[in-house]
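Just below is one structure, and these are the notes that go with it.
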Amino acid sequence: MSEVAYRSGGPQDRPDGQSEERNSQDQGASYSNVMAYTSQVLGLIEKEELSKEDSEWIKFETVNGYKEHVNPGYLFSRKTVDMNKELAFVEWKDARNSFIDIDGNEYIDCIGGRGIYNVGHRHPKVLQTVMNQLQKQAMHTHDLLDPYRAILAKTLAEITPGDLKYVFFTNSGGEAVESAIKLARKATNRHTFISTTAGYHGVSLGSLAATGKAFYRKPFLPFAQNFRHALFGDVDMLYKLLKSLEIVGEEAAGVIIEPIQGNAGVRMPPDNYLQEVRQLCDEFGALLILDEVQTGMGRTGKMFYAEHENVTPDILCLAKALGGGIMPMGAIVASEKVYESFMEEPYRHEHTFGGNTLACVAAIATIHVLIEERLPERAAVIGEYMLKELRAIAARYPKLVQEIRGKGLFIGVEFFDSVVGFEVSKGLFDNKILVEGTVGDVKTFRIEPPLTIEQEQVDRVIQTFDLVLSQVQRKYNFIK
Ligand SMILES: *Cc1c(COP(=O)(O)O)cnc(C)c1O
């Protein structure tokens, strides 16, 4: 069906020399297919309740659409699709801390959108704010001054550490990192950077150069943006890189750090790491860029990870939870001294949708909710409880679990091998708990729920973790 629907049919594509008229008829036919298809879908979106027939149709269209038009690779790498049994779990709606699939199964969300749902799913205050704004205006003029950009910037300046003051808005974390790179280059007149091994900063070409994993980088080397990588946590190596760059006349413009390495499996920094990095940056005149795209907005028990170490970066990168899990939103916040270099020509670096009206009001409401509901504190308390309970359970399965670590509600569970990790994450899924981890890459999985997760849900996760480990242990003993 879709083959017909989306055939382009331009005359230049037709070596058989079909007439112009025939082509426009084809286009008419395919447009009418698209009209029928999209009307059906718009009708489904409007519906409160789906019929059995509706949900079967959607499941078929979803699997088929992934196979034919998205990327079939996803179907073989997710625990939510079982190709043999032809089972597919398709998301449909959500509740505060959970997702409900199209068949009505409800899952406790311990992925938290990889860090976007800090205030919970569709927090009523954030949702209402965005809906109120939608009644007035959705996007900005690009000409008149937009009030919420100014108001959100002032609010961010207020809550971020030290003298961070000027804000530039993006649509994503990768764009925030790109912006930090450009700002640091402009502010220092230098162009070489240092990041750390295994860090994750995004996949756009500039941010990818900063990212520290071969998996993401290797197929796309070399990069125009020049990055060296120090081993994460190794202050001595960072010193040596800064020093050698100075000797060869390529002084570092900046050092970018992901304070807890999320994508790498919640790898924790050594004590006082950021303080020592801050000192080195000052010594060599390099800017300290903190990538708090995932650790920010309360995740680790403080509004920003930098507060744990009392460190002020020169540039702070934010995204993910900033838009409250309702609007995509990113930002960099910089000190006045650093931002000065962007002031003379503001139009030289900006994004069409960056700081759009809906995203700004969503972020204002999100910050309000984080403070009102004391969610950073909540992350600290519940995180500590979870860490303690999960570790007590893991101690009873010393052959399976290697280490459990984390801070706040940012927890990594590391197994001795990724087969066991997958078994456990699949077992949790079968018991309706979502944790981050896909086929073949689950040596460590992340537990990163909304900071609004209820005590009762936390206890269910803990009990189920125990149950699943006992099942996997039995299977593992049997295989051995
Ligand atoms: C997710 C993430 C990014 C990239 O953000 P995108 O919105 O996916 O571009 C950058 N840095 C960190 C630390 C992240 O976790």
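Remember, it's 1-based here, ligands and their atoms both numbered in the order they're listed. Atoms considered below: every heavy atom in the structure, side chains included; atoms not considered: hydrogens, waters and symmetry mates. Since we're looking at a predicted model, the values are computed, not measured.
F342 has its ring centre no less than 6.0 Å from the ring centre of Y166.
Among all non-hydrogen protein atoms, the one lying nearest atom 9 (O) of ligand 1 is G174 N, 2.7 Å. Given atom 7 (O) of ligand 1, the protein heavy atom at minimum distance is G173 N, 2.8 Å. From the protein, the heavy atom lying nearest to atom 11 (N) of ligand 1 is D291 OD2, 2.7 Å.
Heavy-atom proximity to S172, at under 4.0 Å, picks out these atoms of ligand 1: 7 (O), 9 (O). Against a heavy-atom cut-off of under 4.0 Å, Q294 is close to the following atoms of ligand 1: 15 (O). For ligand 1 and E258, the ligand atoms under 4.0 Å from any heavy atom of the residue are 13 (C).
Counting heavy atoms under 4.0 Å from ligand 1, residue A319 does not touch it at all. With a 4.0 Å cut-off on non-hydrogen atoms, H201 touches ligand 1 through its backbone and not its side chain.
The neighbour count for E372 CD, taken as heavy atoms of other residues, nucleotides or ligands under 6.0 Å away, is above 12.
Between Y200 and ligand 1, at least one N/O pair is under 3.5 Å apart.
Of the listed residues (E158, E340, E336), just one forms a salt bridge (charged side-chain N to carboxylate O under 4.0 Å, His left out) with K165, and that residue is E336.
Between the side chain of R405 and the backbone N or O of I411 there is no donor-acceptor pair closer than 3.5 Å.
When E292, K320, M329, Q261 are checked for heavy-atom proximity to atom 15 (O) of ligand 1, K320 turns out nearest.
Of the charged side-chain nitrogens involved, none lies within less than 4.0 Å of a carboxylate oxygen, so that E345 and R348 do not count as a salt-bridged pair.
Among all heavy-atom pairs drawn from G324 and T366, the shortest one is CA-OG1, 3.0 Å.
Note on ring orientation: taking the six-membered ring where Trp is involved, the planes of F99 and H121 are tilted (angle from 30° to 60°).
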